Amino acid sequence: MNQELPKAYDPALIEEKWANYWVSEHLFDVPTPPSNNVQKKTFVQLLPPPNVTGRLHMGHMLNQTEMDILTRWHRMLGETALWVPGTDHAGIATQMMVERQLAAEGTTTREQLGREAFTERVWAWKRQYGSAISDQMRRLGASVDWSREYFTLYDRLSVAVKEAFVRLHEQGLIYRGAYIVNWDPVLQTAVSDLEVTHEERAGKLFHVRYPLADGTGSIIIATTRPETLLGDVAVAVNPNDERYKHLIGKMLLLPLSAAAGKPDREIPIVADDFADPEFGTGAVKVTPAHDPNDFAIGQRHNLPQLNVLDERAHITLDGSPYDGMDRFAARERILIDLESSGALVAVKDHTHSIAISQRTGIVIEPRLSMQWFLKIQPLADKAIEAVDKGHIKFTPDNYRKTYDEWMKNIHDWCISRQLWWGHRIPAWHCGACSAVTVARETPAACSQCGATELTQETDVLDTWFSSGLLPFTVFGWPGQAKTGSSKLETGSSTPDLATSQSSHNAPFLSFRSAAEDSAFSAATNAHAPTPALAAFYPTDLLVTGSDILFFWVARMIMLGCHFMLDVPMPDGSPRTLADAVPFRNVYIHALVRDADRQKMSKTKGNVVDPIEIVQKYGTDAVRFTLASQASPGTDIAFSEARTQGNRAFANKIWNAARFLQMQIERGREAGYAVSAFLSVIPAGDLLSSALPPLSTPTLPATTPLETRWIFSRLSAVSAEVERALTDYRFDEAASAVYQFFWGEFCDWYLELVKLRLDFTIEKNNVTALTLNALVAVFEAALRLLSPFMPFLTEELWHALYASVGTEAPTKSIALTRFPQLGDFPADPASVAALEVLQELIVTVRGLRKDLGVPEKEAAPVQIFASNRISALADANADMLARMARVSAVELVGQALTGNNARATSNFEIAILYERQIDVPAERERLEKDLAKFDKGLAAAERQLSNEGFVAKAPPHIIEGLKKQYAETTTLKEKALAALATLPPR
RNA sequence: GGGCGGUUAGCUCAGUUGGUUAGAGCGCCUGCUUUACACGCAGGAUGUCGGGGGUUCAAAUCCCUCACCGCCCACCA
């Protein structure tokens, strides 16, 4: 049982074991409590679903580290901590990936396969490779509830998506129409505004002459996209533009139409405020089918829409020489033709922003097409209110403003995509009357004319539409749907995904299924919350990056507020906006950049693969590094050097455990019992029980100073970590535990404890007490570290119980209680005393170094100090001996001067050691000190002689300054005296 | 065009109700096999807190301004 730990910490030896253990033991699976019995506080988070095609990157790892720290922490506070994982079907990305695969195989194409076969092919891909990212998560020990893992295209979620769409349609919030959308000519689908980025590019502004039809003159327009000229239906000028006022209403001859062998097309000059007299020539050509502004002008002036570009952005114009040409080739050709006809009068340099498709990097072509839209304003209004009223809080707070700005300038959302992979829109077109029927189930007949020639809409929904519903759909919304159409998970324990043609369900997990099944069938009222919804909605926190604030966060808020307002509270009362929100808090974290603060990108080749780093340094070290760099406001420059440092920290913890193991072993051999303190540590199994009540143990009177001190510190640090995590200050929390464990527990406590753990002498109380205290502090420190370093602490915690010879109270340290203020007694007097002793020790060490006392040599010291400090030094001479190799302490009643003495504000101390003085070095040191003192004194004098300061500064500041002044004066005198003893230069 | 963030030690970063001598990790220098740990121990050096101006008894911290870096939003042909 009591296996000795290897000398050096090797994460590879322990991590996989525990990662598997946590999953196979279902430690983090959370059963849905019955809705009438929700007693424990919950802490619920939804994992931002990574794309199913994804591989884990540093951003994921940061996100998951933060979520995991919080989840583990809340779990250790005795709450029901539920973290729901899942993946997103990611329409475009996944379809592209499989299409690329097909292209690589070269045997068939998407089009040749056809819709059904192609989507089956994507499903096959998903089954084979789709769990890669979840597997990576498992390996990193994310304490999620795997029994609730979802995939956005599973039947249960698809039913919910369909339901949401139909309801929105019934509410009149979804409409279909021909509008200008952002068109990606490569993907040949519409994309939303958010999927478009803008790039400043150097381009040209072409001035083109359009002659008046009556031959009395011409107008020169300015354009950046001459290829759309063929679709012009008007030229607009500002109604107040004196240059053109008299021409309004006249007709122009569109250049180049003759080139197509047709008579010149005539287009009118219209007056519109959009035309800016200051820009270009003040006259703008109007192409409603290919520009959003022109589209609006066209609407205002009732102009026709002339489409001259197809879905590949090739010119489509029968009989035209440009027909079939790519848009950019057409541009060149048209420019040549315009020039040769003399219509091109000027070409000016013009940098302007170009719309780029985020996914393909191709220039977006605004295109008139038939799409489905969600009327967003009613949803946005609620979403704005929810944040305004504080129902949702953003951290950092400034994102509230960003959110607000966006939400207040929101446009209707184009939710249709011309893809095959995704949730197909539940609408059917009538072959007879061409009416559209929206329904939950395939309708038998057209809702308008009753004809039966119906074909389903081919478009699918934007991926973000379904992910925007997740906060409630993952918990079973809408429950028993009106038409009872949903295919619920059944009790079948052997799902055969491979043979499933039409149904795609989550793998069965016995842990949850029974409860959830009864939950669904119990929900007879269509609007009643499912038990999971009742127990877990709203979620508590969403942790995510700013890059999906609008894509996802904002949409979840809108859709959550919209749909959940209709779902009553568990007690049957109506739900208010405050409880309709999908989450109560949003924490936006930083972006992870490389060590040089460059954005990580594949093209730059500076992408740090978390799995590689993890293999090199261990998950815990990488987690700790990310946590310690995660301060709000700035991006994280991922530092491998820091990771190395944190692996050293892990090794330090490991070796502290080894030290304990040795002490326990020796203690046992000397007949000491270890366990007394363990028994007072509240460590019940938090999975099944609530947090045990607080009970601060009382220490025996014989408890040594350093134990009182470390207990006190542990208590204080626990509180500090709790505060930091409450504020999402992962950096402060990490730094607090680091400093505590290394700087206090290892550097001081372990060294001081060696003084007490002498097993060669007769058995005694102090040794017994110390041995048990040591175990207790270390055990608590492991619990403190556990949310940050789950693997290491799990291993060492079990090893500790093994060496003590007691069975661990729970299956995992993750199920024990997080250390709390008050778990250990606070003792300010002991803390103050130990701080003085530390100062004494550090001063002696420094002095020894200055004086060149050999490391191993012990030397006597003289101390001149107050009675209190003298007594302390006297009583703890053994500490001084051990920590600073002081052979004897002599308390003296007079000031100490000389080059072997040092003064601090608390005491003066001298080492009695004969040595050759390095006069120049000593002089340099003293002069440097003097300069520092003088500077300090001058500053203090300046302030103290300032009437305003004395009159206005708070008393404690003035007192402090005076005290400091007096102390510095003394120190200066000492230095001067010491300087005087040196031989003259 | 609008909005936001950053600029502190060689590097990466902490440091907001303004307050006594600005911190950490890494790196650097010196010395150490000491009841776990050289992934270690002990000691040490290092800052015009981006520039300028202002408010204040007092500014890294508040205000103005300039410079540089970065991000987000926006339908100017």
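Chain letters run A, B, ... following the sequence lines, proteins first, then strands; residues in each count from 1. Keep in mind the model is a prediction, meaning the values are calculated, not measured.
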What is the nucleic acid contact for A:Gly545, judged by heavy atoms within less than 4.0 Å: base, sugar-phosphate only, or nothing? nothing
Figure out the CZ/C1' separation between A:Arg331 and B:A77, and round it to whole Å. 13 Å
Atom CZ of A:Phe206 and atom P of B:C76: how far apart are they, to the nearest Å? 19 Å
Would you mind classifying the nucleic acid contact of A:Lys401 as base, sugar-phosphate or nothing, using non-hydrogen atoms under 4.0 angstrom? sugar-phosphate
When A:Gln964 and A:Pro292 are each assigned the nearest nucleotide of RNA chain B, the 5'-most assignment goes to A:Gln964
A:Phe649 and A:Phe741 aromatic ring geometry - parallel, tilted or perpendicular at 30°/60° bounds: perpendicular
Write down the distance separating the P atoms in B:A9 and B:C49, rounded off to the nearest Å. 10 Å
Quick one: which of B:C57, B:C73, B:G19 gets closest to the side chain of A:Leu194? B:C73
I want to confirm an ordering. Mapping A:Ser628 and A:His956 to their closest nucleotides on RNA chain B, which one lands closer to the 5' end? A:Ser628
Under a 3.5 Å threshold, yes or no: a donor from one side chain and an acceptor from the other, between A:Tyr617 and A:Gln644? yes
Using the P atom as the reference point in each nucleotide, state the distance between B:C63 and B:G6 in Å, no decimals. 12 Å
Residue matched to B:G70 through Watson-Crick or wobble contacts both under 3.5 angstrom: B:C4
Name the pairing partner of B:U55, where a pair is Watson-Crick or G-U wobble with both distances under 3.5 Å, or state none. none
Determine the interatomic distance between P on B:G52 and the same-named atom on B:U61; round to the nearest Å. 13 Å
How many whole angstroms separate atom CG of A:Leu937 from atom P of B:U21? 11 Å
Using a heavy-atom cut-off of 4.0 Å across all strands, would you classify A:Asp276 as base, sugar-phosphate, or nothing? base
Take atom P in B:C28 and the same atom in B:G2, then report the distance between them in whole Å. 48 Å
Identity of whatever pairs with B:U61 - Watson-Crick or G-U, under 3.5 angstrom: none
Proximal nucleotide (of B:G15, B:U12, B:A77) relative to the A:Gln629 side chain: B:U12
Between A:Ile588 (CD1) and B:G5 (C1'), how many Å, whole number? 14 Å
Side-chain donor or acceptor of A:Arg668 paired with backbone N/O of A:Ser803 under 3.5 Å: yes
In whole Å, what is the span from the CG atom of A:Asn293 to the C1' atom of B:C76? 7 Å
Considering every strand and a 4.0 Å limit on heavy-atom distances, what is the contact class for A:Pro854: base, sugar-phosphate, or nothing? nothing
Using a heavy-atom cut-off of under 4.0 Å over every strand shown, decide if A:Phe274 touches base, sugar-phosphate, or nothing. base
Could you measure between the two C1' atoms, the one in B:G19 and the one in B:C73, and give it in whole Å? 41 Å
For A:Glu959, give me all partners under side chain to side chain contact (heavy atoms under 4.5 Å, CB included), at least two apart in sequence or on another chain. none
A:Glu857 CD to B:G31 P: how many Å, rounded? 18 Å
Between atom CD1 in A:Ile957 and atom C1' in B:A59, what is the gap in whole Å? 14 Å
Using the C1' atom as the reference point in each nucleotide, state the distance between B:G54 and B:A58 in Å, no decimals. 15 Å
For B:C41, what is the paired nucleotide under Watson-Crick or G-U wobble rules, both distances under 3.5 Å? B:G31
Quote, to the nearest angstrom, the C1' distance that separates B:C76 from B:U17. 46 Å
OP1, OP2 of B:C76 versus side-chain N and O of A:His350: anything below 4.0 Å? no
Residue list, ring-ring contact (aromatic ring centres under 6.0 Å, His included) with A:Phe373, at least two apart or on another chain: A:Tyr175, A:Tyr179
Under 3.5 Å for both donor-acceptor distances, Watson-Crick or wobble: does B:U46 have a partner, and if so which one? none
Measuring only the C1' atom in each nucleotide, how far is B:U8 from B:G51? A whole number of Å is fine. 15 Å
Determine: side-chain N/O of A:Lys928 to OP1/OP2 of B:U46, distance under 4.0 Å, yes or no. yes
Please list, one pair per line, the donor and acceptor atoms closer than 3.5 Å that link side chains of residues 221-232 of chain A to other protein atoms, with sequence neighbours excluded.
unit_1	atom_1	unit_2	atom_2	d
A:Thr223	OG1	A:Arg225	N	3.0
A:Arg225	NH1	A:His290	O	3.2
A:Arg225	NH2	A:His290	O	2.8
A:Arg225	NH2	A:Glu365	OE2	2.8
A:Glu227	OE1	A:Arg331	NE	2.8
A:Glu227	OE2	A:Arg331	NH2	2.9
A:Thr228	OG1	A:Arg225	O	2.8
A:Thr228	OG1	A:Lys285	NZ	2.7
A:Asp232	OD1	A:Lys285	NZ	2.7
A:Asp232	OD1	A:Thr287	OG1	2.7
A:Asp232	OD2	A:Tyr210	OH	2.6

Just to verify, what does A:Glu744 make a salt bridge (charged side-chain N to carboxylate O under 4.0 Å, His left out) with, not counting sequence neighbours? A:Arg713
Is the closest basic N to carboxylate O distance between A:Asp878 and A:Arg882 below 4.0 Å? no
Under a 3.5 Å cutoff, is there a donor and acceptor pairing between the side chains of A:Asn906 and A:Thr904? no
Which residues satisfy the ring-ring contact (aromatic ring centres under 6.0 Å, His included) test with A:Trp654, sequence neighbours excluded? A:Tyr9
Separation of atom NE2 in A:His198 from atom C1' in B:C75, rounded to whole Å: 9 Å
With B for base contact, S for sugar-phosphate-only contact and - for none (protein heavy atoms under 4.0 Å), nucleotides 34-42 of chain B reads SBBBSBSSB
